[in-house]
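Step one of this worksheet: look at the structure below.
Labels below follow one simple rule: chain letters A, B, ... track the order of the sequence lines, proteins then strands, and each chain is numbered from 1.
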2 protein chains.
Amino acid sequence: MAVSVGIVEDHAEFRKSLVFLVSSIEDYKVIWSFGSVEEAIEKGYTPDVVLLDINLPRMTGLEAIALFKSKWSDAKIVMLTILEDEYNILTAIKNGADGYILKKTNPQKILDAIQQVFDGGAALTPMVAKQVLSFFKDEKKEQEQASILTKREQEILTCIVSGLTNDKIAAMLFISTQTVRNHIKNIYEKLHVHSKAQVVAKALKEKMI
Amino acid sequence: MAVSVGIVEDHAEFRKSLVFLVSSIEDYKVIWSFGSVEEAIEKGYTPDVVLLDINLPRMTGLEAIALFKSKWSDAKIVMLTILEDEYNILTAIKNGADGYILKKTNPQKILDAIQQVFDGGAALTPMVAKQVLSFFKDEKKEQEQASILTKREQEILTCIVSGLTNDKIAAMLFISTQTVRNHIKNIYEKLHVHSKAQVVAKALKEKMI
DNA sequence: CTGAATATGACCCCAAAGGGCTATTTTTTG
DNA sequence: CAAAAAATAGCCCTTTGGGGTCATATTCAG
């Protein structure tokens with residue numbers, strides 16, 4: 001059974017090339033190709049894989065990802081674009097894209113990407129993968145520098161996130177409840193928050209603990 | 001000028017195969033290969049790319065990444081391992097690996113990876129890329145747990161996580177503070193918690209919002 | 001060595017949160 | 001339609017938390 005492919009690309013020339021490229025392989029079958037998201041949603045039927053441009057008239061490819069995913073929940077989405085900036089890459093990934101390939105990539109790699117996402121993997125061209133990974137590394141750096149809190153404050157922060165009351169924290173650390181409260185006040189000031197709920201949200205979202 | 005490659009792999013058989021594979025290409029040159037991190041650090045000299053196993057005697061490949069990077073700051077590190085769990089993948093990336101390839105990958109892909117990282121990109125096999133991307137998407141675990149809560153309760157949960165007081169929540173939802181308190185009590189009962197700090201921790205850890 | 005940062009502890013005040021009730025209206029669902 | 005679930009709102013009382021100010025011992029870095 002051939003892999004069915006849908007294509008959304010507004011440049012007619014390039015769209016034709018894509019259709020030709022993908023159709024040239026026996027295992028793949030282009031079941032539709034359109035110049036806009038709206039047409040694809042309206043007229044396209046369930047594909048295994050969608051090749052999706054980002055710069056499109058009216059609705060962008062980024063917005064279309066969720067739409068396609070909700071309409072065809074099993075379809076894999078491969079972004080195929082010239083855009084290789086952090087915003088577009090990360091947004092596509094967060095929205096659920098399974099692959100992100102640059103148009104300048106060698107055509108064989110586009111076919112590889114189709115196969116890879118169809119097999120349940122993800123497909124990223126090396127330069128895109130690089131960006132994704134460096135985003136990770138930056139996250140780690142921020143984590144490390146986030147130690148504005150003193151050792152004691154971090155201990156108490158951990159207790160707060162565990163849901164302990166001040167009395168329990170005091171008992172656990174063998175200090176008075178007053179001292180716990182003072183540390184908490186200092187933590188609040190440093191993190192610019194005003195309640196335990198806020199401090200827990202901040203600590204977990206910014207992976208401070 | 002050929003790309004110089006260093007290899008750290010403790011299985012002698014597989015190490016030999018790797019040396020043979022990489023050396024078979026004119027553009028690549030294996031300048032050293034060792035069975036442990038310690039040997040590589042001591043005897044190896046600056047390579048362009050290091051192929052690095054994770055399961056190694058004494059020091060693991062994960063720990064070695066930082067070491068190699070500090071010794072040879074321009075060297076690219078490609079993990080080559082059978083481990084494809086989240087911990088190993090993410091740790092390798094956070095520690096600065098430029099590639100993560102599974103041993104079961106087709107040999108040509110290993111050579112591709114060397115070229116890709118040498119060219120300044122990153123190399124991930126599709127299944128690894130998949131894991132990295134799903135980490136990004138913050139793929140909420142089971143939705144069932146969240147659906148214990150009613151729509152209203154989820155709205156209020158979101159407000160709590162945002163750090164709002166009951167009064168603010170009431171004002172925002174155009175209901176009385178008492179009603180907010182009642183909803184919160186119900187949320188606490190359903191989630192088996194007893195404070196806002198606990199509910200925030202639970203909601204964020206279990207990705208309920 | 002000395003001053004700054006940290007850790008400890010206390011006081012007051014009152015706002016906020018939490019637990020236990022009951023009760024009505026609306027919405028959902030079998 | 002009738003029962004169940006959800007949303008609304010009120011009451012009581014107690015505990016906890018948040019903000020301000022002050023004070024002392026210890027630790028750490030210039």
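When the shell of 6.0 Å around NZ of B/Lys103 is examined, it contains more than 12 heavy atoms from other residues, nucleotides or ligands. Within a 6.0 Å radius of NZ in A/Lys16, other residues, nucleotides and ligands contribute 12 heavy atoms or fewer.
Across all strands shown, A/Thr165 has heavy atoms under 4.0 Å from sugar-phosphate atoms exclusively, and none from any base. Within 4.0 Å of B/Ser195, counting heavy atoms only, lie sugar-phosphate atoms of the nucleic acid but no base atom.
The phosphate of C/dG9 (OP1 or OP2) has a side-chain N or O of A/Ser176 nearer than 4.0 angstrom. One finds no side-chain N or O of A/Asn166 lying less than 4.0 angstrom from the OP1 or OP2 phosphate oxygen of D/dT16. Put simply, A/Thr150 has a side-chain N or O that comes within less than 4.0 Å of OP1 or OP2 on C/dA7. Taking only side-chain nitrogens and oxygens, A/Tyr188 comes nearer than 4.0 Å to OP1 or OP2 of D/dG18. Between B/His183 and the phosphate of D/dA6, there is no side-chain N or O to OP1/OP2 separation shorter than 4.0 Å. Proximity of A/Arg152 to the phosphate of C/dT8: a side-chain N or O atom is located under 4.0 Å from OP1 or OP2. OP1 or OP2 of C/dG19 has not a single side-chain nitrogen or oxygen of B/Lys185 nearer than 4.0 Å.
In terms of position on DNA chain D, the residue among A/His194 and A/Asp167 whose nearest nucleotide sits closer to the 5' end is A/Asp167.
Distance from the side chain of A/Arg181 is smallest for D/dG19 among the nucleotides C/dC11, C/dT6, D/dG19. Closest to the A/Lys190 side chain, of the nucleotides D/dA9, C/dT6, D/dT16, is C/dT6. In this structure, the nucleotide among C/dA17, D/dT8, C/dC11 sitting nearest to the side chain of B/Asn182 is D/dT8. With distances taken from any side-chain atom of A/Gln178 to the nucleotides D/dG18, D/dA7, C/dC11, the minimum falls on C/dC11.
We find that B/Lys130 and A/Asp98 are joined by a salt bridge, their nearest charged nitrogen and carboxylate oxygen being less than 4.0 Å apart.
For the side chain to side chain donor-acceptor pair (under 3.5 Å) criterion with B/Asn166, the lone passing option out of B/Gln178, B/Arg181, B/Lys196 is B/Lys196.
Atom CD of B/Gln198 is separated from atom P of C/dG19 by 9 Å (rounded to the nearest Å). The CD1-P distance, from A/Ile169 to D/dG18, rounds to 10 Å in whole Å.
Rounded to the nearest 0.5 Å, atoms CE (A/Met79) and CD1 (A/Ile93) are 10.5 Å apart.
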